[in-house]
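In what follows, chains are A, B, ... by sequence order, proteins preceding strands, each numbered from 1. Computed from a predicted structure; not experimentally measured.
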Number of protein chains: 2
Amino acid sequence: MELDHFDRKILDAVQRNNRLTTEELGELVGLSATACQRRLKKLRDAGVIEADVAIVSPEAVGRPMLMLVSISLERDRSNIIDRFKQAIRKTPEIMSAFYVTGEADFVLLICVRDMVEYEAFTRRFFYENPDIKGFSTMVVMDRTKVSFAVRIDK
Amino acid sequence: MELDHFDRKILDAVQRNNRLTTEELGELVGLSATACQRRLKKLRDAGVIEADVAIVSPEAVGRPMLMLVSISLERDRSNIIDRFKQAIRKTPEIMSAFYVTGEADFVLLICVRDMVEYEAFTRRFFYENPDIKGFSTMVVMDRTKVSFAVRIDK
DNA sequence: CCTGAAACAGCCTCCGC
DNA sequence: GCGGAGGCTGTTTCAGG
C-alpha cells in the first residue's frame with residue numbers, strides 16, 4: 001500500500017495515542033474528520049496498522065520484573081526453530097520474542113512476578129525444550145522507551 | 001490500585017484489542033457495558049493502562065529491518081547512565097531500550113530502512129556517546145510475539 | 001480523493017437499586 | 001459497587017465538487 005504524507009502523519013499520531021477522535025486527528029494532520037476516518041479504516045484493513053492495543057503496566061498487575069533472555073540452540077535446523085517458535089507462542093510469561101542472527105539465536109522478553117516465578121519458568125521452559133544449548137539472563141532495571149513506535153518519515 | 005477478577009479480564013481483553021465496544025467487553029467479562037466503561041476509565045486514570053496505541057507495521061512504513069543491539073558502557077557511573085538515557089530518548093531509530101544487568105548494560109531495539117541507515121545510525125550514535133565501550137548487533141529475522149502483552153492472572 | 005450534512009452507533013451521566 | 005434510560009459525542013454513509 002502506498003502511503004502519502006497524510007497517512008504518515010496519521011500513523012505517527014495514532015501509534016502514540018489511538019483514542020484521539022477523528023476530529024482531533026483531522027486538526028493534527030490538516031484534514032477533515034471524515035477523511036481521516038476513511039484513511040484510518042484503510043490503514044487498518046491493509047494491515048499497515050497491525051493492531052490496536054492498551055499498554056498495561058506490568059507493575060500494576062503484579063508482574064514488575066522484566067528479563068531479557070538470550071538463548072542459543074543446539075542446532076539451527078529449521079524444524080528445531082519452528083518447534084521452538086511454537087513453544088514461545090504457548091508460553092504466557094513471554095511478552096516478545098525475536099529470532100536473531102549473531103551472538104544468540106533467540107532473544108526473549110519475559111515478564112514475571114518475582115525470581116521464584118522466573119526460576120519456575122526457566123526450569124519448565126528449558127526442560128520442555130531440550131534443544132536449548134545455553135542461555136543468559138539480563139534483568140531489566142529500567143525501560144527507557146516503552147512501546148513499539150516506529151520512526152515515520154513525514 | 002486493587003484489581004479484582006473483572007478488572008483483570010478487562011485488561012486481558014483490551015491489551016489485545018482496545019477497540020472493542022463497551023458492549024462487547026461486557027459480554028466478554030460478564031458485566032454490563034456501563035460497568036466496563038466505568039472500570040476502564042478508572043484503570044486509565046490510575047495508570048494501570050499506561051497508553052492506548054496503534055501498532056504500526058514497520059515493513060509497511062518502509063522500515064523493515066529490526067536490530068537488537070547490546071551495549072556495554074565504559075563505566076557504570078550514574079551520570080553516564082543518565083546521559084545515555086537522554087540520548088536514547090532523542091534518537092528516533094530506537095523503538096525500545098532496556099537498562100539491564102548481566103552481559104550488557106543496555107539493550108536497544110532499532111528499526112531501520114536498510115543497512116545503510118543502520119550504519120549511519122551506529123556511526124552517529126556511537127560518535128555522540130563516547131562512553132560506549134562496545135556493542136554487538138543481532139539482526140532480527142523474525143518476531144514471534146509482537147506486542148507488550150503482560151500475563152494477567154484471572 | 002476531498003468536504004459537509006444527516007443518520008446512526010456507541011459512550012457517558014444520572015439515578016434507582 | 002451494579003444496571004438501565006436517555007442525552008450527547010463521535011463515527012459512518014451519502015451527496016456533491
Side-chain angles (χ1 to χ4, degrees), chain A residues 1-63 147-150 152-154, chain B residues 1-63 147-150 152-154:
Chain A
M1 179 181 172
E2 272 300 309
L3 303 177
D4 67 10
H5 176 76
F6 290 122
D7 291 320
R8 289 173 186 278
K9 274 194 146 181
I10 290 171
L11 289 171
D12 197 45
V14 296
Q15 79 171 346
R16 278 188 262 276
N17 179 7
N18 76 348
R19 299 183 69 240
L20 295 167
T21 66
T22 49
E23 196 106 15
E24 291 167 317
L25 204 53
E27 191 107 359
L28 234 65
V29 309
L31 281 176
S32 74
T34 311
C36 282
Q37 142 73 25
R38 207 180 5 233
R39 281 162 178 270
L40 259 181
K41 179 165 170 34
K42 241 177 118 178
L43 292 168
R44 291 202 168 101
D45 290 347
V48 175
I49 294 176
E50 295 182 354
D52 289 87
V53 303
I55 305 293
V56 173
S57 158
E59 293 83 5
V61 295
R63 288 211 156 70
S147 85
F148 271 118
V150 185
I152 297 177
D153 301 319
K154 269 162 276 160
Chain B
M1 178 181 174
E2 272 300 309
L3 303 176
D4 68 10
H5 176 76
F6 290 120
D7 291 320
R8 288 172 187 278
K9 275 194 147 182
I10 291 171
L11 289 172
D12 197 44
V14 295
Q15 81 170 344
R16 277 188 262 276
N17 180 6
N18 76 347
R19 300 183 68 242
L20 295 167
T21 66
T22 50
E23 198 105 14
E24 291 167 317
L25 204 53
E27 192 107 356
L28 234 66
V29 309
L31 280 176
S32 74
T34 311
C36 283
Q37 134 78 21
R38 217 173 1 226
R39 281 164 180 270
L40 258 182
K41 177 163 170 35
K42 242 177 119 177
L43 292 168
R44 292 203 168 101
D45 289 348
V48 175
I49 294 175
E50 295 181 353
D52 289 87
V53 303
I55 306 293
V56 173
S57 159
E59 293 83 7
V61 294
R63 289 212 155 68
S147 86
F148 271 117
V150 184
I152 297 178
D153 300 320
K154 267 160 279 164

When the distance from [atom1] of [X] to [atom2] of [N] is rounded to whole Å, what number comes out?
X     : N      : atom1 : atom2 : value
B:R44 : C:dC12 : CZ    : P     : 9 Å
A:D52 : D:dT11 : CG    : C1'   : 15 Å
A:E24 : D:dT11 : CD    : P     : 9 Å
B:E23 : C:dC11 : CD    : C1'   : 11 Å
A:K41 : C:dC1  : NZ    : C1'   : 17 Å
B:Q37 : D:dT9  : CD    : P     : 14 Å
B:R39 : C:dT13 : CZ    : C1'   : 18 Å
A:L31 : C:dG4  : CG    : P     : 11 Å

Picking from A:T22, A:L20, A:L28, what satisfies side chain to side chain contact (heavy atoms under 4.5 Å, CB included) with A:E24?
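Testing each of A:T22, A:L20, A:L28 against A:E24, the sole residue satisfying side chain to side chain contact (heavy atoms under 4.5 Å, CB included) is A:L20.
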
Kindly indicate, with the supporting measurements, whether the criterion side-chain contact (heavy atoms from CB on, under 4.5 Å) is fulfilled by A:I49 and A:L40. CA-CA 9 Å; A:I49 294 176; A:L40 259 181; 3.7 Å; yes

The answer to which of A:R19 and A:S32 contacts DNA chain C further toward the 5' end, by nearest nucleotide, is A:S32

**Report entry** Closest-nucleotide ordering on DNA chain C, the 5'-leading residue of A:G30 and B:A33
**Finding:**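 With B:A33 and A:G30 compared, the 5'-side residue is A:G30.
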
Is a donor-acceptor contact shorter than 3.5 angstrom present between the side chain of B:R38 and the base of D:dG3? yes

With B:D4 as partner, the option from B:K42, B:K9, B:R39 fulfilling salt bridge (charged side-chain N to carboxylate O under 4.0 Å, His left out) is B:R39

- Query: The side chain of A:T34 lies closest to which of these nucleotides: D:dT11, D:dC2, D:dC14?
  - Reply: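 Within the option list, the nearest is D:dC14.
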
Out of D:dT11, C:dC11, D:dG1, minimum distance to the side chain of B:K42 belongs to D:dG1

Note to self: For B:E59, is the CD atom crowded, meaning more than 12 foreign heavy atoms sit under 6.0 Å from it?
What the structure shows: yes

Taking any heavy-atom pair under 4.0 Å as a contact, classify B:T21: base, sugar-phosphate, or nothing. sugar-phosphate

Could you walk me through whether A:R8 and A:D12 pass the salt bridge (charged side-chain N to carboxylate O under 4.0 Å, His left out) check? CA-CA 6 Å; A:R8 289 173 186 278; A:D12 197 45; over 6 Å; no

